Amino acid sequence: MSETTGEKITVTAADGDAEAYVARPAPAADGDTWPGVLFLMDAIGLRPQIEKMADRIASWGYVVLAPNTFYRSGTAAETSPDEPLLDAESRSTFFAKARPRIKSLTTYRARGDLAAYLDALRALPETAPGPVGATGYCMGGRLALLAATTRPDDVAAVGMFHTGGLVTDSSDSPHLSLPEVKAEVLAIHADHDRSLPPESVAVFEHALTSSGVTHHASVYPGAPHGYTMADTASYNHDAAEYHFAELAKLFARTLG
């Protein structure tokens, strides 16, 4: 992997300032620019694991912006765990506190934030003109898809990994938004994911196909929800590496 640099910045979101981590390739010369990628974190928050993943994507030749999407509920430090969630008890204790802020991030609120995050990504001096990508994990997968419907002419690629809640009875169910999507979509679901059972995977796949969305969707065998996150007990190394490989191909195809 190429060398990268990273820093914390503050971006203006819909309802206030949000912390964000920016990762960039180590510049070879003044004025170098790279395509932009918006990284939408999982429900565990903006933390070192997210920064490591953003650094890895940046090493492929992209400027990556990972905002604290829970900024309304507190700082990144206040909304992420102090230690890795490596057992069921610590995970359960953390999510008991996290669920209210997850629920409070409605589609309406998220749309305003996503427009602001995309503006912030484009405003970075190292971000090249042209289309950007979005990649999201857990609830961040829904946000990545929402970014593509919020700015369909800007977002050319969407990665969605172990994303639950894609098919609901609500009028704003993510699968109903697919006709608005112009981006190519990569979705790698978790085999053991109560938040996206097999029947929902099938409905989402049908919606992708019937909407004419260019996509590559699959279910990784034996992978639990959260399989990309190395700081949790759900981590599956093989599934995580497969996700990185397929995401790199997606961005190479769509972002240049």
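Here the structure is a predicted model, which is why all the values come from computation and not from measurement.
Rounded to the nearest 0.5 angstrom, K182 NZ and D154 CG are separated by 10.0 Å. Distance check, rounded to the nearest 0.5 Å: CD of E78 to OG1 of T75 gives 3.5 Å. Note that the CZ atom of F39 and the CE atom of M53 stand 4.0 Å from one another [nearest 0.5 Å]. R253 CZ to L186 CG: the interatomic distance, rounded to the nearest 0.5 Å, is 7.5 Å. With rounding to the nearest 0.5 Å, the separation of CG in L178 from OG in S211 is 5.0 Å. How far CG of L114 is from CG of L40: 6.0 Å, rounded to the nearest 0.5 Å.
The two residues A18 and A13 have their closest heavy-atom pair at CB-CB, 4.3 Å. Between T163 and G136 the shortest heavy-atom distance is OG1-O, 4.3 Å. A pairwise comparison of heavy atoms in P174 and L145 identifies O-CD2, 3.9 Å as the closest pair. Between P81 and I44 the shortest heavy-atom distance is CD-O, 3.3 Å. Scanning all heavy atoms of the two residues, the minimum distance from T127 to L121 falls at OG1-O, 2.8 Å. Here the closest heavy-atom approach between residue A217 and residue E205 is recorded as CB-OE1, 3.3 Å.
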Please determine whether salt bridge (Lys or Arg N to Asp or Glu O under 4.0 Å) holds for the pair R72 and D113, giving the CA-CA distance in whole Å, both sets of side-chain angles, and the decisive distance to 0.1 Å. CA-CA 11 Å; R72 292 179 183 85; D113 289 338; 2.7 Å; yes
Step by step, work out the side chain to side chain contact (heavy atoms under 4.5 Å, CB included) result for L85 and D231. CA-CA 6 Å; L85 303 180; D231 60 346; over 6 Å; no
For V64 and E51: C-alpha separation, side-chain torsions, deciding distance, then whether side chain to side chain contact (heavy atoms under 4.5 Å, CB included) applies. CA-CA 10 Å; V64 184; E51 296 176 11; over 6 Å; no
From CA spacing to verdict: side chain to side chain contact (heavy atoms under 4.5 Å, CB included), L250, T135: CA-CA 10 Å; L250 172 70; T135 184; over 6 Å; no
Please assess I9 against L65 for the test side chain to side chain contact (heavy atoms under 4.5 Å, CB included), listing each intermediate value before the final yes or no. CA-CA 9 Å; I9 66 169; L65 177 73; 4.1 Å; yes
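Under the 3.5 Å distance criterion, the side-chain polar atoms of S90 are matched with a main-chain donor or acceptor of D87. Not one N or O on the side chain of S92 forms a donor-acceptor pair closer than 3.5 Å with the backbone of E89. Without hydrogens or angle criteria, S80 side chain to G45 main chain gives no donor-acceptor distance under 3.5 Å. Although no hydrogens or angles enter the test, the distance criterion places no donor-acceptor pair under 3.5 Å between the side chain of E184 and the main chain of A157. Panel note: side chain R122, backbone P129; no donor-acceptor pair is recorded below 3.5 Å.
Within 6.0 Å of CD on E83 lie no more than 12 heavy atoms contributed by other residues, nucleotides or ligands. Within 6.0 Å of atom CD in E199, more than 12 heavy atoms from other residues, nucleotides or ligands are found, so the atom counts as buried in its surroundings.
In summary, E241 and R56 engage in a salt bridge, as defined by a charged side-chain N under 4.0 Å from a carboxylate O. Between R24 and D32 no salt bridge is recorded (no basic side-chain N to carboxylate O distance below 4.0 Å). A salt bridge is absent between R142 and D172; no separation between the charged side-chain nitrogens and carboxylate oxygens falls under 4.0 Å.
Taking 4.5 Å as the limit, every side-chain heavy atom of S2 sits out of range of all side-chain heavy atoms of P25. Annotation: side chain of T107 is not in contact with side chain of S177 (no heavy-atom distance under 4.5 Å). When side chains are defined from C-beta on, V37 counts as touching L255, because their heavy atoms get closer than 4.5 Å.
Under the 4.5 Å side-chain heavy-atom criterion for grouping Ile, Leu, Val, Met, Phe, Trp and Tyr, M41 is not connected to Y235 through any hydrophobic cluster. Residues I50 and F244 share a single hydrophobic cluster, defined by chaining ILVMFWY side chains whose heavy atoms lie under 4.5 Å apart.
By the salt bridge (charged side-chain N to carboxylate O under 4.0 Å, His left out) test, D193 pairs with no residue at all, sequence neighbours left out. Residues forming a side chain to side chain contact (heavy atoms under 4.5 Å, CB included) with A148 (at least two apart in sequence, or on another chain): V155, V158, V181, A183. Annotation: salt bridge (charged side-chain N to carboxylate O under 4.0 Å, His left out) contacts of D191 (sequence neighbours excluded): none.
Among residues at least two apart or in separate chains, there is no ring-ring contact (aromatic ring centres under 6.0 Å, His included) pair with a member in residues 65-124. The ring-ring contact (aromatic ring centres under 6.0 Å, His included) analysis of residues 186-220, with sequence neighbours excluded, yields the pairs Y220-Y242. Among residue pairs with one or both ends in residues 159-179, those qualifying as ring-ring contact (aromatic ring centres under 6.0 Å, His included) are Y137-F161, F161-H243, H162-H225, H162-Y227; sequence neighbours excluded.
Of the candidates T4, V63, L247, I57 forms a side-chain contact (heavy atoms from CB on, under 4.5 Å) with just one, namely L247.
Side-chain contact of T10 with D17: a donor-acceptor pair under 3.5 Å is absent, judged by distance alone. Side chains of T150 and R111: a donor on one and an acceptor on the other come within 3.5 Å.
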